[in-house]
Amino acid sequence: MKRIEIAGKLRVVTILISLFLVFPSMIQGQSVKRIDGTLVNADSIRHHVIFLMGQAKVKGLEMAIFNSNKLIYKEAFGTGNDSGAKLHSSMSIYGASLSKTVFAVLVMKLVEEGVIDLDKPLQDYLPKPIYEYPQKTKWQDNYNDLRTDTLYRKITARMCLDHTTGFPNWRWDNPDQKLKIASVPGSRYSYSGEGLVYLQTVIEKITGKSLEQLMEEKIYRQFGMKNSAYTWLPKFEADYALGYNQEGKSYEKDKDNEARSASTLETTLDDYTAFVETLLQGKGLKKTLRDEMFKPQIRLRSVNQFGPLSRKDTTAYDAISLSYGLGWGLLKSPYGWGAFKEGHGDGFQHYCIVFPEIGTGIIIMTNSDNGESIFKDLLETTIGDEYTPWKWENYIPYNNKLVQK
């Protein structure tokens, strides 16, 4: 009997140790080191998150924090879906434009393998104009609008990744919903999902493989992404998050998207955390290519990232040298460059920023249209990030009347 009792106690101890390893936020007295070297207690973070979610009416939020290139804190809060299930780190959640960062690493892997060159015009890889290929998807590989265009022939992979193709974000943003180039490729930043999808389409034709096949071969396994895909999979049905509007009403879940490099990633906090941690630790990709991804390609001087003010310039962000790299936005802080990426869709608002030189970073994922309204406060409280250009990204705080900055 004593042996059985001892074995049982050992199993309990083993389980507790495993929980501490998997959920670092549960460790009593644990602290997070901010980018300026100051510390904040995990309990303080937890209580502040709960307070902010209540004030701003954020349905659910999950967060991961990195110190010294390693996960130090991970926790989920609030509701995941209409069944009342709690949001948790292995629950499937729509990644929105976080899709772009994962795709950017795939592209850099293909550069590493010599499959594609960052600066060779993409049309030069194809034996015939891209608009002459038969359309296989609902809309995204339809390039008939480019038949009378010559500028598109200048577009390179680098321009797609740093958003200088001249394409709109999406073709339906144009009054006539036609795909057009508004500026000479390479000359000006203009955020574009179309640019990433164009790059995806060319890569699929070069390799003869689908986006999902390439991700399976080169990204998911190497970067620890066990439950991610750019298309909806049957296994996601068992446990997935719904998105909620500002009034707390759920949106219908969109499950019929074809794989798009810019926008259709279904993932989990666990998976995206593993992806970011692998990247921070310099694994899965040659250092020279990771450094190129996090190197400024073009300076950004627009008032806002989107809308009419995206075409008006300002000096407001010169202090942080606001720029774009390859798949990531960039800012300069006293503690080194920060690489950031937003995710925004109906009911889902996310943000990730990492400071590779010091190994600090954070992932915030929410299933609420109110999520972005607490990002500024969260970034400052958790990792001491006062440099994210929240006005440029339109992250207007829920208590914006009180904000003086």
Side-chain angles (χ1 to χ4, degrees), residues 20-56 58 61-77 89 269 272-273 276-277 279-282 294 316-323 328-342 349-366 371-393 395-400 402-405:
F20 285 148
L21 292 173
V22 176
F23 302 106
S25 60
M26 296 173 64
I27 299 175
Q28 186 69 28
Q30 177 196 4
S31 292
V32 168
K33 188 175 183 180
R34 298 184 176 113
I35 58 175
D36 63 359
T38 60
L39 300 178
V40 59
N41 187 274
D43 288 335
S44 297
I45 291 175
R46 183 179 301 112
H47 294 148
H48 196 57
V49 169
I50 293 170
F51 169 77
L52 289 175
M53 289 177 66
Q55 291 293 303
V58 176
L61 179 148
E62 48 190 357
M63 187 165 61
I65 301 175
F66 307 90
N67 278 173
S68 300
N69 296 326
K70 294 180 181 178
L71 176 68
I72 189 69
Y73 175 102
K74 181 168 62 177
E75 195 159 7
F77 306 84
S89 62
L269 177 64
Y272 199 73
T273 296
V276 172
E277 187 172 41
L279 201 58
L280 280 173
Q281 293 178 1
F294 291 152
Y317 304 109
D318 284 0
I320 59 169
S321 299
L322 185 62
S323 306
W328 298 76
L330 297 173
L331 61 85
K332 195 170 187 179
S333 79
Y335 313 101
W337 284 96
F340 63 88
K341 187 69 197 79
E342 316 87 349
Q349 298 182 349
H350 315 315
Y351 189 70
C352 173
I353 185 167
V354 296
F355 293 83
E357 294 170 54
I358 57 175
T360 296
I362 187 169
I363 302 165
I364 305 168
M365 304 181 84
T366 77
E372 292 169 354
S373 73
I374 63 174
F375 284 1
K376 177 182 182 293
D377 197 322
L378 274 179
L379 292 167
E380 293 176 357
T381 301
T382 53
I383 64 168
D385 172 19
E386 298 180 355
Y387 307 97
T388 283
W390 58 271
K391 288 182 180 178
W392 184 76
E393 294 168 303
Y395 289 169
I396 306 303
Y398 70 95
N399 58 346
N400 63 303
L402 302 178
V403 174
Q404 300 299 316
K405 293 183 181 180

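What you see is a predicted model, and the numbers here were worked out from it, not measured in a lab.
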Atom pair CD (Glu75) and CD1 (Ile50), whose distance is rounded to the nearest 0.5 Å: 7.5 Å
- prompt: Between atom CD1 of Ile72 and atom CD1 of Ile362, what is the distance when rounded to the nearest 0.5 Å?
  reply: 13.0 Å
- request: State, with a plain yes or no, whether a side-chain heavy atom of Gln281 is found less than 4.5 Å away from one of Lys70.
  value: yes
message: Rounded at 0.5 Å granularity, tell me how far CG in Leu331 sits from CG in Leu322.
response: 7.0 Å
field: Shortest non-hydrogen contact between Gly361 and Ile383, atoms and distance
entry: O-CG2, 4.2 Å
message: Counting C-beta onward and ignoring hydrogens, is there a side-chain heavy-atom pair between Asp377 and Pro397 closer than 4.5 Å?
response: no
task: Evaluate the side-chain proximity of Tyr73 to Arg46: yes if any heavy-atom separation is below 4.5 Å, no if none is.
output: yes
- prompt: Within a reach of under 6.0 Å around NZ of Lys33, are more than 12 heavy atoms found that belong to other residues, nucleotides or ligands?
  reply: no
message: Rounded to the nearest 0.5 Å, what separates atom CE in Met53 from atom CZ in Phe77?
response: 7.5 Å
query: Does Asp385 reach the main-chain N or O of Leu379 with its side chain, forming a donor-acceptor pair under 3.5 Å?
result: no
- request: Could you tell me whether the side chain of Ser89 and the main chain of Leu269 form a donor-acceptor pair under 3.5 Å?
  value: no
- prompt: Between Phe355 and Tyr335, does the ring centroid distance fall short of 6.0 Å?
  reply: no
message: To the closest 0.5 Å, what do you measure between CD1 (Ile353) and CD (Glu342)?
response: 9.5 Å
- line: Taken in chain and number order and not counting sequence neighbours, the residues that satisfy side chain to side chain donor-acceptor pair (under 3.5 Å) with Asn69 are none
task: Kindly write out the residues that satisfy side chain to side chain contact (heavy atoms under 4.5 Å, CB included) with Ser323, not counting sequence neighbours, or none if the list is empty.
output: Pro296, Arg299, Leu330, Trp337
message: Is there a side-chain contact (heavy atoms from CB on, under 4.5 Å) between His350 and Tyr272? Walk through the geometry before answering.
response: CA-CA 11 Å; His350 315 315; Tyr272 199 73; over 6 Å; no
- prompt: What is the minimum heavy-atom distance between Ser321 and Lys332, and which atoms define it?
  reply: CB-CB, 4.1 Å
task: Taking the side chain as every heavy atom from C-beta outward, state whether Leu52 and Val58 have any atom pair closer than 4.5 Å.
output: no
Side-chain touch Val354/Leu279, heavy atoms, less than 4.5 angstrom: no
Taking every non-hydrogen atom, the tightest pair across Gly371 and Thr366: CA-OG1, 3.6 Å
- prompt: Is the shortest heavy-atom distance from the side chain of Ile45 to the side chain of Met63 under 4.5 Å?
  reply: yes
task: May I ask you to test the Phe66-Ile363 pair for a side-chain heavy-atom distance under 4.5 Å?
output: yes
- line: All heavy atoms of Ser31 vs all of Leu39, minimum pair found to be CB-CB, 4.3 Å
message: Over 60° means perpendicular and under 30° means parallel, so tell me whether Tyr351 and Phe375 are parallel, tilted or perpendicular.
response: tilted
message: Could you check whether any side-chain N or O of Glu277 sits under 3.5 Å from a backbone N or O of Leu71, counting only pairs where one atom can act as donor and the other as acceptor?
response: yes
query: Can you name the nearest heavy-atom pair linking Glu380 to Glu386, along with the distance?
result: CG-CG, 3.9 Å
field: Glu62 CD to Lys74 NZ distance, which is reported to the nearest 0.5 Å
entry: 9.5 Å
- prompt: Do you know the tightest heavy-atom contact between Val40 and Thr382?
  reply: CG1-O, 3.5 Å
- prompt: Does Arg34 use its side chain to pair, donor to acceptor, with the backbone of Thr381 at less than 3.5 Å?
  reply: yes
